[in-house]
Amino acid sequence: MSARANARDAAGQKPGPMTEDRDITTLVFDDNRLLAPLFGEHDQHLALIEHRLGVDITPRGNRISVKGPQNARDNAQMVLTSLYERVRRGLEVARGDVEGAIRMNLTTNGDVAADESAVRTKRKLVTPRTPMQKAYVTAIRAHELVFGTGPAGTGKTYLAVACAAAALMNGEVDRIVLSRPAVEAGERLGFLPGDMKEKVDPYLRPLYDALYDVMPAPLVQKGLAENLIEIAPLAFMRGRTLASAFIILDEAQNTTPQQMKMFLTRLGEGSRMVVTGDPSQIDLPSGVHSGLDDALAILQSVEGISHVAFTAADIVRHALVGRIVTAYDKHGQKAQGSRGTK
């Protein structure tokens with residue numbers, strides 16, 4: 001039986017004095033009411049911390065005993081303290097937040113709070129869950145043009161939309177413009193049924209989803225109605241100059257070099273631009289070069305531009321997604337190596 005199960009069986013008993021044990025660290029929290037969301041339903045957050053950090057956690061009243069090697073106990077203390085502080089500020093703690101706190105702790109030597117890089121929107125506080133996500137948010141705040149590249153599930157688009165929502169809320173920009181290449185790279189929409197909005201909405205749905213997650217639905221709908229928020233396929237950007245706007249181009253790996261140049265030159269006074277894409281998922285016709293790859297090569301030394309490259313280690317979706325991406329990458333490298341030896 002686990003230490004946590006033993007503690008639950010002893011529920012209602014008055015905790016005894018703190019035991020002195022070189023393998024145990026005891027944490028004392030000042031508000032019992034905050035411990036239920038910290039522990040998670042059926043103590044699932046504690047179980048996750050135990051599994052990931054290699055410790056045994058025993059809660060008794062407002063005390064938590066952590067047993068294990070010193071380094072593992074220190075990591076668990078950092079994570080639990082960070083999550084408790086999050087609950088104390090009235091913020092939700094979901095499984096993803098626990099995963100993020102663990103990941104940040106293991107890769108930043110205990111700097112798990114990352115408050116300075118959190119993005120506050122009208123609906124929630126969005127906290128980076130990996131060091132690369134933190135670097136990405138910092139880059140977006142410091143540069144007028146940022147490229148975010150890497151596999152699906154790393155938060156490239158979501159964090160960019162959260163930053164855009166925060167900038168609009170704080171009056172830093174007058175509107176948000178979100179764009180994607182529609183129907184792969186060719187934007188051949190004429191054969192689809194419905195009006196233009198009905199034709200393009202399925203391809204822009206991920207941008208809508210991100211917006212509705214970081215902003216209240218009435219605010220999004222009002223913004224769309226008043227043109228404070230514009231979601232449009234890439235073809236609609238031609239010939240425009242976008243001033244005082246936060247502009248995001250998603251799925252940029254499916255642009256041609258000509259489309260990418262057209263989009264980047266839409267940047268107007270007082271605007272910021274984020275370009276996201278996964279160079280490993282290019283849907284362009286055979287022989288057509290990706291505009292994202294082209295831009296990264298041409299603009300790598302241009303002042304005012306930042307490039308943040310995510311990897312499979314930054315995937316914050318289901319843990320299995322990271323393993324799937326890694327497996328595909330290894331398979332691709334092996335196949336490429338085989339072709340190279342022929």
Side-chain angles (χ1 to χ4, degrees), residues 2-8 15 18-19 21-119 124-138 153-155 159 312-323:
S2 71
R4 289 185 298 103
N6 285 327
R8 286 195 294 270
M18 285 178 55
T19 57
D21 191 316
R22 64 181 182 180
D23 294 328
I24 294 177
T25 298
T26 300
L27 310 179
V28 181
F29 296 97
D30 57 8
D31 193 340
N32 282 10
R33 296 170 299 177
L34 305 182
L35 296 185
L38 172 63
F39 295 171
E41 188 175 359
H42 306 303
D43 291 351
Q44 62 178 346
H45 296 162
L46 298 185
L48 178 58
I49 295 170
E50 285 182 326
H51 175 69
R52 292 287 305 278
L53 298 181
V55 295
D56 289 319
I57 301 176
T58 303
R60 289 191 178 92
N62 68 330
R63 294 180 177 181
I64 299 177
S65 296
V66 183
K67 184 175 182 179
Q70 181 68 56
N71 186 58
R73 298 201 317 269
D74 290 345
N75 287 333
Q77 179 177 351
M78 292 283 190
V79 170
L80 287 165
T81 302
S82 171
L83 294 174
Y84 178 79
E85 188 62 25
R86 182 178 175 87
V87 176
R88 194 180 65 79
R89 296 199 306 268
L91 301 173
E92 177 188 8
V93 173
R95 180 184 175 89
D97 298 306
V98 181
E99 289 273 11
I102 294 170
R103 192 185 310 225
M104 288 289 287
N105 181 77
L106 292 176
T107 53
T108 58
N109 296 318
D111 179 22
V112 297
D115 285 344
E116 73 280 0
S117 60
V119 182
K124 59 169 61 175
L125 186 73
V126 179
T127 305
R129 294 178 177 176
T130 73
M132 197 61 71
Q133 285 194 347
K134 183 177 178 180
Y136 184 52
V137 170
T138 301
T154 51
L159 286 171
D314 298 298
I315 292 175
V316 292
R317 290 181 186 168
H318 194 288
L320 186 57
V321 175
R323 296 196 291 272

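Taking both residues in full, the closest heavy atoms of G61 and N32 are given as C-OD1, 4.2 Å, listed atom of the first, atom of the second, then distance. When all heavy atoms are compared, the tightest approach of G54 to A72 is O-CB, 4.2 Å. Residues E92 and R86 come closest through the heavy atom pair O-NE, 2.7 Å. Among all heavy-atom pairs drawn from K134 and P128, the shortest one is N-CB, 3.6 Å. P59 and D43 make their closest contact through CG-OD2, 4.5 Å (heavy atoms, listed as atom of the first residue, atom of the second, distance). Contact detail for I24 and S65: the closest heavy-atom pair is CG2-CB, 4.1 Å.
Classification of R52 and E99 as a salt-bridged pair holds, one side-chain N sitting under 4.0 Å from a carboxylate O. A salt bridge does not link R129 with D314: none of the charged nitrogens is closer than 4.0 Å to a carboxylate oxygen.
The closest donor-acceptor contact from the side chain of S82 to the backbone of M78 lies at 3.5 Å or more, if one exists at all. The closest donor-acceptor contact from the side chain of N62 to the backbone of D30 lies at 3.5 Å or more, if one exists at all.
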Exercise for the section: Test Y84 against V93 for side-chain contact (heavy atoms from CB on, under 4.5 Å), laying out the working first. Expected result: CA-CA 9 Å; Y84 178 79; V93 173; over 6 Å; no
Practice task
Go through the steps to decide whether L35 and F29 satisfy the test side-chain contact (heavy atoms from CB on, under 4.5 Å), and finish with yes or no.
Solution key: CA-CA 8 Å; L35 296 185; F29 296 97; 4.0 Å; yes
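Here the straight-line distance linking atom CZ of F39 with atom CD1 of I64 works out to 4.0 Å at 0.5 Å rounding. A distance of 9.5 Å separates CG in L46 from OG1 in T58, rounded to the nearest 0.5 Å. Distance check: K67 NZ to I57 CD1 gives 13.5 Å after rounding to the nearest 0.5 Å. In this structure, the separation between CG on L80 and CZ on R73 is 13.5 Å, given to the nearest 0.5 Å. Within the model, atoms CD1 of I49 and CD of Q77 stand 12.0 Å from one another, a figure rounded to the nearest 0.5 Å. One finds the CG atom of L53 at 8.5 Å from the CG atom of L48 (value rounded to the nearest 0.5 Å).
Counting heavy atoms from C-beta outward, T154 and M132 have side chains that stay 4.5 Å or more apart. For the pair V79 and N75, the minimum side-chain heavy-atom distance is 4.5 Å or more. The side-chain heavy atoms of V98 and L83, taken from C-beta on, include a pair separated by under 4.5 Å.
No more than 12 heavy atoms of other residues, nucleotides or ligands shown are found within 6.0 angstrom of CD on E41.
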